[in-house]
Amino acid sequence: MRARSRTNITTSPESRQPCVDNPLRVSCGVLSASDVGKTVELDGWVHRRRDHGGLIFIDVRDRSGITQVTFDPSKGETFALAETLRGEDVVSVRGTVRRRPAGTENVKLATGEVEVPADGLEILNRSETPPFVIAAEEEPAEEVRLRYRYLDLRRPRMQRNLTVRHKIVKAIRDYFDEHGFLEIETPNLIKSTPEGARDYLVPSRVHRGSFYALPQSPQILKQILMIGGLGRYMQIARCFRDEDPRADRQPEFTQVDVEMTFVRQDDVLEVMEGSMRYVWRSALGLEIPSSLPRLTYAEAMRRYGSDKPDLRFELELLDVADLFRGGAFGLFADLAESDANRVIALRWPGGSSLSRRDFDAVTELAKTFGAKGLAYISLAPDGIKGSIARFVDEPLAAALRERTGAQDGDAILFVGDAARGASEVAGRLRLEIGERLGLRKPDAFAFCWVLGFPLFERDEESGEITFSHHPFTAPAPGQEALFDSDPLAITAQHYDLVLNGYELGSGSIRNHQAEFQRKVFKRLGLTDEQIDDRFGFFMEALTYGAPPHGGMALGIDRIVMLACGETSIRDVIAFPKNQMARDVMMDAPSGVPDQALKDLGLQILSIPPKPAE
RNA sequence: GGCGUUGUAGCUCAGUUGGUUAGAGCGCCGCCCUGUCACGGCGGAGGUCGUGGGUUCGAGCCCCAUCAACGUCGCCA
């Protein structure tokens with residue numbers, strides 16, 4: 001079982017209103033003692049049956065819940081029919097609501113005070129024996145769940161998650177509507193603009209040899225909406241990126257996409273964090289702080305070893321290079337000689353109870369994070385132990401205790417390396433410690449902003465300068481002068497919203513002057529010809545009085561995942577792709593008839609041999 | 001593409017150091033049962049242990065390869 005959010009979201013009754021032509025029909029989760037005496041019709045699935053031979057209980061289920069129906073042998077034909085019922089059969093039951101006999105109420109059930117003795121039963125459809133039991137506590141393998149998604153979706157957990165998703169999306173729409181935003185749709189068949197992620201391409205039949213691309217995001221289109229004078233735009237937008245899926249991302253995903261004219265960075269932050277505050281309050285019934293913490297990118301890396309820090313717990317990365325300078329431990333003493341390195345200490349509360357084997361395992365883990373090794377000391381009651389204990393004399397031990405706040409019973413991990421690598425390794429170890437100590441609670445929500453990213457970074461493979469966000473991001477005011485002298489030192493007007501260690505999304509103030517935008521493209525190594533070929537329409541638009549503008553996009557799937565206490569976005573998407581980007585229910589992607597390829601002017605060069613299974 | 005974990009009945013899993021006929025719970029089928037709600041009782045069916053190869057007198061277990069799912073790195077403007 002996954003951990004649950006503390007939000008008490010329940011799936012809403014489908015409707016309390018009877019059908020127009022069937023005034024008796026009620027949902028399965030709504031009946032209570034006040035309905036006693038009413039004649040009703042319950043339509044739903046057979047959730048469970050308890051056949052006592054002379055008396056049959058059937059739990060009838062729909063999205064709203066469960067009502068117990070009883071079948072008595074005195075109703076001959078109805079009873080005989082009830083004996084044939086099996087799980088997931090679809091039934092329509094008529095009867096008059098009655099109070100359950102004293103002592104047989106079920107407090108675990110919302111409708112547990114009452115039951116419906118069946119006067120009539122209609123079997124609307126039979127079900128094959130399902131491959132897994134919807135009512136079971138055990139969760140089938142995800143592969144099975146996705147193959148039979150229509151059955152998986154009947155499980156209360158998925159119904160709850162999709163309900164939360166609906167409420168969150170509705171809250172987002174309400175919020176932006178109240179703040180003067182227009183929801184505007186943008187096309188899904190657009191022009192491929194290289195750079196960034198791999199595009200999904202759609203071949204054109206009418207224009208053989210040409211392709212549309214599915215949008216990686218509506219970025220350029222929303223900027224053009226701003227140039228079009230729409231002022232405030234939002235969209236629940238589907239985005240497509242042909243990259244390998246993970247637990248928190250898949251090839252198609254949904255963003256709340258926002259853009260505004262005549263705004264500065266703080267205006268965007270205020271609107272966006274307001275939207276999250278509104279969502280948490282109205283969809284989840286929870287309050288989040290009135291102003292969210294803000295960290296610079298440099299600070300986030302220094303203190304948490306990540307540009308998306310999990311602030312549900314402290315355990316910060318602490319610099320201790322100075323304490324090792326000139327000391328007995330040569331490796332750290334050497335590292336301490338340069339500011340380009342870091343020696344980071346991580347306190348592990350209670351860590352001295354770990355065995356040598358445990359520390360070895362953590363060391364192995366650190367190596368998978370890219371560490372060359374891991375040093376540690378354990379502050380055991382009977383003295384300091386651990387891999388570098390023999391280099392830690394009393395004064396150093398005292399200084400380390402002072403710096404880290406470590407006490408007897410704790411351990412301290414040390415990561416020493418070039419600053420960037422050391423920070424990242426220590427940051428991941430921090431998450432591991434937090435995880436093991438149970439500090440990453442699924443029902444805690446710690447938002448923060450990360451600001452002050454560099455505008456450019458150096459691509460490690462090619463050595464070329466590339467953008468760190470996207471090429472439309474504006475530099476911080478007054479930093480244009482660094483463009484030629486020291487581009488990597490330029491700070492961007494770019495911001496990330498982070499929740500519990502996940503990047504919910506990012507945004508920026510955009511370049512709104514064509515001349516400057518061209519300068520950025522050129523700095524990224526594009527020629528005038530390339531700029532005009534790929535972005536000509538956009539460059540032209542910028543020349544016709546483009547207003548200053550900026551915005552942001554947040555990942556709905558991740559927001560809902562965290563709100564639901566889930567660890568995979570696939571559990572909050574009705575029909576997700578698996579890790580190989582396949583839809584295993586539909587069996588997509590799949591081949592197409594030769595004629596379809598012919599129409600498109602396409603020819604398949606080779607198909608990899610089909611795996612023998 | 002790399003690394004890790006997993007793969008045994010429809011589902012969830014156990015299976016000792018390599019040793020006779022591979023087990024459990026749920027589900028399924030049959031019979032019994034009038035107050036259950038994970039109903040209960042009795043009986044039964046259901047497995048080429050992912051696939052291929054190897055080591056061995058003997059492989060669910062060891063080795064190699066491969067496929068798949070999940071996680072992760074690369075990748076994700």
Side-chain angles (χ1 to χ4, degrees), chain A residues 1 47-60 66-74 79 83 86-88 100-109 111-112 115 117 128-148 151-152 192-199 215-217 219-220 239-251 253 364-365 367-370 424 428 456-457 459-461 466-473 494 503 506 508 520-521 524 534-535 553 555 567-568 570 578-582 584 608-613:
Chain A
M1 281 292 273
H47 188 64
R48 274 206 185 86
R49 70 191 166 98
R50 294 176 292 282
D51 185 344
H52 288 228
L55 180 67
I56 300 171
F57 298 96
I58 299 288
D59 292 334
V60 182
I66 285 169
T67 296
Q68 173 169 285
V69 173
T70 67
F71 292 89
D72 190 276
S74 63
F79 184 81
E83 285 183 308
R86 294 296 182 270
E88 302 310 309
R100 291 195 189 187
T104 65
E105 300 88 352
N106 185 350
V107 293
K108 286 186 282 185
L109 212 57
T111 60
E115 63 187 7
E128 293 291 324
T129 300
F132 55 89
V133 182
I134 279 69
E137 288 289 317
E138 291 167 334
E139 179 160 295
E142 190 167 27
E143 196 174 357
V144 179
R145 294 174 56 204
L146 293 182
R147 167 131 187 257
Y148 301 96
L151 296 178
D152 189 47
S192 176
T193 54
E195 316 285 341
R198 215 171 282 116
D199 278 327
Q216 296 181 25
S217 83
Q219 181 62 34
I220 290 180
C239 306
F240 306 87
R241 295 177 191 174
D242 187 4
E243 300 292 348
D244 291 354
R246 289 282 188 281
D248 65 346
R249 65 181 212 230
Q250 65 148 27
F253 57 100
E364 283 310 304
L365 187 67
K367 284 180 181 169
T368 70
F369 298 157
E424 286 175 359
R428 296 189 58 175
F456 298 118
E457 57 192 30
D459 187 281
E460 287 183 21
E461 274 178 36
T466 182
F467 41 83
S468 44
H469 178 40
H470 60 48
F472 313 109
T473 302
H494 163 201
E503 181 196 315
S506 54
S508 61
V520 173
F521 279 137
L524 293 167
R534 297 173 191 180
F535 302 105
T567 55
S568 165
R570 293 187 295 272
N578 75 2
Q579 187 148 203
M580 291 295 281
R582 297 191 59 84
V584 292
K610 193 153 193 182
E613 197 179 338

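Numbered from 1 within each chain, the chains take letters A, B, ... in sequence-line order. The figures that follow rest on heavy atoms only: side chains count, while hydrogens, waters and symmetry mates do not.
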Reading nucleotides 34-45 of chain B from the 5' end, what letters show protein touch, with B for base, S for backbone sugar-phosphate only, - for no heavy atom under 4.0 Å?
-> BBBBSB------

Contact class for [X] vs. all strands (heavy atom < 4.0 Å): base, sugar-phosphate, or nothing?
X: Arg428(A); result: sugar-phosphate
X: Gln579(A); result: base
X: Ser468(A); result: nothing

Mind calculating the distance between [atom1] ([X]) and [atom2] ([N]) to the nearest angstrom?
X: Asp244(A); N: C76(B); atom1: CG; atom2: P; answer: 11 Å
X: Ile56(A); N: C33(B); atom1: CD1; atom2: P; answer: 12 Å
X: Phe79(A); N: C33(B); atom1: CZ; atom2: P; answer: 10 Å

Any N/O donor-acceptor pair, Arg86(A) side-chain to C29(B) base, under 3.5 Å = no

Does any donor-acceptor pair link the side chain of Arg241(A) with the base of C76(B) at a separation under 3.5 Å?
-> no

Do any N or O atoms of the protein come closer than 3.5 Å to N or O atoms of nucleotides 22-27 of chain B, and which pairs are they?
none

Pairing residues for [X] by the side chain to side chain contact (heavy atoms under 4.5 Å, CB included) criterion, not counting sequence neighbours:
X: Val520(A); answer: Phe456(A), Phe483(A), Asn511(A), Phe516(A), Gln517(A), Leu524(A)
X: Asp244(A); answer: Arg246(A)
X: Asp152(A); answer: Phe132(A), Arg145(A), Arg149(A), Arg155(A), Met158(A)
X: Ala581(A); answer: Pro245(A), Pro251(A)

Considering only G74(B), A68(B), C29(B), which nucleotide approaches the side chain of Arg246(A) most closely?
-> G74(B)

Does Arg570(A) place a side-chain N or O at less than 4.0 Å from the phosphate oxygens OP1/OP2 of G71(B)?
-> yes

